[in-house]
Amino acid sequence: MRTDTTTRSVRNLGILAHVDAGKTTVTERFLFLTGATHKRGEVHDGTTVTDFDPQERDRGITIFAAAVSCDWAGHRINLIDTPGHVDFSDEVERSLRVLDGAVAVFDAVAGVEPQSETVWRQADRHGVPRIAFVNKLDRAGAELDAAVASIRDRLGTVPLPVQLPIGREDGFTGVVDLVRMRAYVWADGADAFADLPVPDDLRDEARHRRRRLEETVAELHPRALEEFCERNALSEDVLTSALRDLTLSGEAVVVLCGSAYRDRGIEPLLDAVVAYLPAPSDMPPVRGEVPADPEAPFTALAFKVNATATGRMTYLRVYAGTLGKGDTVLDTTAGRTERIARILRVQADRATEVESARAGDIVAVVGPKSARAGATLCAPDAPVVLEPPTTADPVVSVAVEARRGTDTGRLAAALARMTDEDPSLVVRSDPETGQTVLSGLGELHLEVAVEKLRRDRGLEVTVGRPQVAYRETVAKGVTGLLHRHVKQDGGAGQFAHVVIDVEPTENEEFVFASTVTGGRVPQEYVRAVEAGCRDALVEGPLGGHPVTGVRVTLTDGATHPKDSSEMAFRTAGRFALREALRASVMTLLEPVAEVTVTVPAESVGPVLGDLAARRGRVTDSTIRSGTAVVSATVPLAELFGYASRLRGRTQGRGTFTTRPAGYEALRG
Ligand SMILES: Nc1nc2c(ncn2[C@@H]2O[C@H](COP(=O)(O)OP(=O)(O)OP(=O)(O)O)[C@@H](O)[C@H]2O)c(=O)[nH]1
Ligand SMILES: [Mg+2]
């Protein structure tokens, strides 16, 4: 394959982290230092480029993934600043699907936090190579070594620190680069950092750490090992290329450090992005699908849809080929062709029009009217379907209603558009009450959605109390349940007999097996029974909730030479499982969350009492230098309103984070 210089010099990366670690601030500094912007915005002033939504500015958090680009050292960096709050992890998932690499940002005081671990695992699943940036080294209590240890212990990876901080906390002024063995110092008020020899008092420590870095790299990398054995040291060249290889293979993670807020350590981080993270052409062809070749047929994945005042923007990651303005493309997901009216290079809330986009690019297009997030757009004569990003199941719902009856239609349209933009939001109408129910990933997710209806669409809505999504599972099953489906309705009769066993499974999945012998039930009917069982799982006997964690075994059955059909067996399967579930001992499951509460030590008593009252189970509790950290699993239903309650009990000094922890039997 020929080398394409354009594709080689692109870096598509995401900035990932726990809430508040400093992703948006790092992004802002990238834009400033590369000359893409002319002033530094601050999150607390509501002036950053990527947190441009009014709600983001008010709340001081990122809610929507924002795409920006900048140029550094002859490379084009397309980057996506992602939200850290757990309720928006679907936004992170969609971004990860189209990225080639990531910078994981950590707080130097807290180290690896719950959501850092979640996004790390997400990136693992997508095979996205990453480098780590330990931020906020200027804060009191910041400790690079402790953060590195938590990366090793909690993320189970091999951290490779390539820098040594100069100065501590407020006196943190720079870093020693252990690859080049130079010191970079950022003086207050200076335009650029000084590139200096390693200071005398750090020379021994720097040599010692360089040695450890070389040893670790040599253990993991055959060519480095060869040189290390020959020369008892690694050259800068071999070390750099080994660090790149180890990053791409995910065997180890390069760790840099700094303070984004104080503008320290950002230029070396940009250098590391270029040096270690992959170009589109370095990645396995879209994880096995199409090679990153601009001459190949056009193939792109829509990962974000945004309905703006100027029209519907569809964000694309182009994997192969070249897209020109005016081209017609096929949306294989929806099965329709769309014309590309405009191609835009996006800078957060601004965009410049371009004539074309090629393999490796991230752009937005105007024209497609129906492509949803996750759709594949491709050349009409070379149809492909790329794997869409997965969407998490909603766990919290609220009933929404337009305050003015005349707004009902507008509300429905606005909700439909919102679920197009964010597939983790689901709208349905409650069959019993007729109410419109909006479901999402958490209380904040829904609060933001409702606020968006108010602000962007001027809709006044009444919102019901949040409810959690329950599930049902089998505690004790039944064996030998026989269902006879025989129906004579004028035409051809329907005949199907099935016998099933039902048991609980270990995890939450549905397992189906057949032990029928002697061809008593032909294979196509067995498949029909399985489909019928899946139909029955939609509504359990306890309260009509989805059923999980069931193993169904088809043990026997009977057919009729004339009157059997797949349809008859599917219906029989559905009724058989429905009856079997009614006869089984069923358990109601509710979503639970892992909660980590950080409070002043003197408030720990009331906080523990409150968690117990919320049916929480404390799993860990530590007190260190006046601060208590309590971990607990708590039913999600009990966490509504917890934020304000905690603030009240701790005079505003308590904070907490949550992380979904699956489903558990309803706690008494
Ligand atoms: N002391 C200190 N504060 C920082 C640093 N970097 C960021 N902050 C502050 O930390 C807060 C959170 O920073 P953000 O950049 O919004 O963090 P984020 O990771 O984008 O947060 P979310 O998008 O909401 O998950 C802001 O008040 C920043 O000013 C740093 O290096 N040192
Ligand atoms: Mg942010």
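Start at 1 and go down the list; that is how both ligands and their atoms are numbered.
- Thr34 has its side chain out of reach of Asp71: every pair of non-hydrogen atoms, C-beta onward, lies at least 4.5 Å apart.
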Would you give me the side-chain donor-acceptor pairs under 3.5 Å for residues 17-26, sequence neighbours excluded?
| from | atom 1 | to | atom 2 | distance (Å) |
| --- | --- | --- | --- | --- |
| His18 | ND1 | Gln115 | N | 3.1 |
| His18 | NE2 | Glu113 | OE2 | 3.4 |
| Lys23 | NZ | Ala17 | O | 3.3 |
| Lys23 | NZ | His18 | O | 2.9 |
| Thr24 | OG1 | Thr62 | OG1 | 2.8 |
| Thr24 | OG1 | Asp81 | OD2 | 2.7 |

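- Taking the charged nitrogens against the carboxylate oxygens, Arg312 and Asp420 do have a contact shorter than 4.0 Å, which makes a salt bridge.
- In terms of modelled atom types and a separation under 3.5 Å, the side chain of Arg130 and the main chain of Ala102 share no donor-acceptor contact.
- Remark: side-chain polar atoms of Thr82 are paired, donor with acceptor, to backbone N or O of Ile15 under 3.5 angstrom.
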(request) Could you walk me through whether Asp177 and Tyr184 pass side chain to side chain donor-acceptor pair (under 3.5 Å), step by step? (result) CA-CA 7 Å; Asp177 178 337; Tyr184 309 141; 2.8 Å; yes
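- Screening the protein for N, O or S atoms under 2.8 Å from the Mg ion (ligand 2) yields 2; no waters enter the count.
- Counting non-hydrogen atoms of other residues, nucleotides and ligands closer than 6.0 Å to CG of Asp170 gives a total of 12 or fewer.
- The side chain to side chain contact (heavy atoms under 4.5 Å, CB included) test applied to Asp620 returns Thr622, Ser631, not counting sequence neighbours.
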So what's ligand 1 close to, N/O to N/O, under 3.5 Å?
| from | atom 1 | to | atom 2 | distance (Å) |
| --- | --- | --- | --- | --- |
| ligand 1 | 1 (N) | Asp138 | OD2 | 2.9 |
| ligand 1 | 6 (N) | Asn135 | ND2 | 3.1 |
| ligand 1 | 10 (O) | Lys136 | NZ | 3.2 |
| ligand 1 | 15 (O) | Thr24 | N | 3.3 |
| ligand 1 | 15 (O) | Thr25 | N | 2.8 |
| ligand 1 | 15 (O) | Thr25 | OG1 | 2.6 |
| ligand 1 | 17 (O) | Gly22 | N | 3.1 |
| ligand 1 | 19 (O) | Ala21 | N | 3.3 |
| ligand 1 | 19 (O) | Gly22 | N | 2.9 |
| ligand 1 | 19 (O) | Lys23 | N | 2.8 |
| ligand 1 | 19 (O) | Lys23 | NZ | 2.7 |
| ligand 1 | 20 (O) | Lys23 | N | 3.4 |
| ligand 1 | 20 (O) | Thr24 | N | 2.8 |
| ligand 1 | 20 (O) | Thr24 | OG1 | 2.8 |
| ligand 1 | 21 (O) | Asp20 | N | 3.0 |
| ligand 1 | 23 (O) | Thr62 | N | 3.2 |
| ligand 1 | 23 (O) | Thr62 | OG1 | 2.7 |
| ligand 1 | 24 (O) | Thr62 | N | 3.2 |
| ligand 1 | 25 (O) | Asp20 | N | 3.3 |
| ligand 1 | 25 (O) | Lys23 | NZ | 2.8 |
| ligand 1 | 25 (O) | Gly84 | N | 3.0 |
| ligand 1 | 31 (O) | Asn135 | OD1 | 3.0 |
| ligand 1 | 31 (O) | Lys136 | N | 3.4 |
| ligand 1 | 31 (O) | Ser259 | OG | 3.1 |
| ligand 1 | 31 (O) | Ala260 | N | 3.0 |
| ligand 1 | 31 (O) | Tyr261 | N | 3.2 |
| ligand 1 | 32 (N) | Asp138 | OD1 | 2.8 |
| ligand 1 | 32 (N) | Asp138 | OD2 | 3.4 |

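- The two residues Thr50 and Thr27 make their nearest non-hydrogen contact at CG2-CG2, 3.8 Å.
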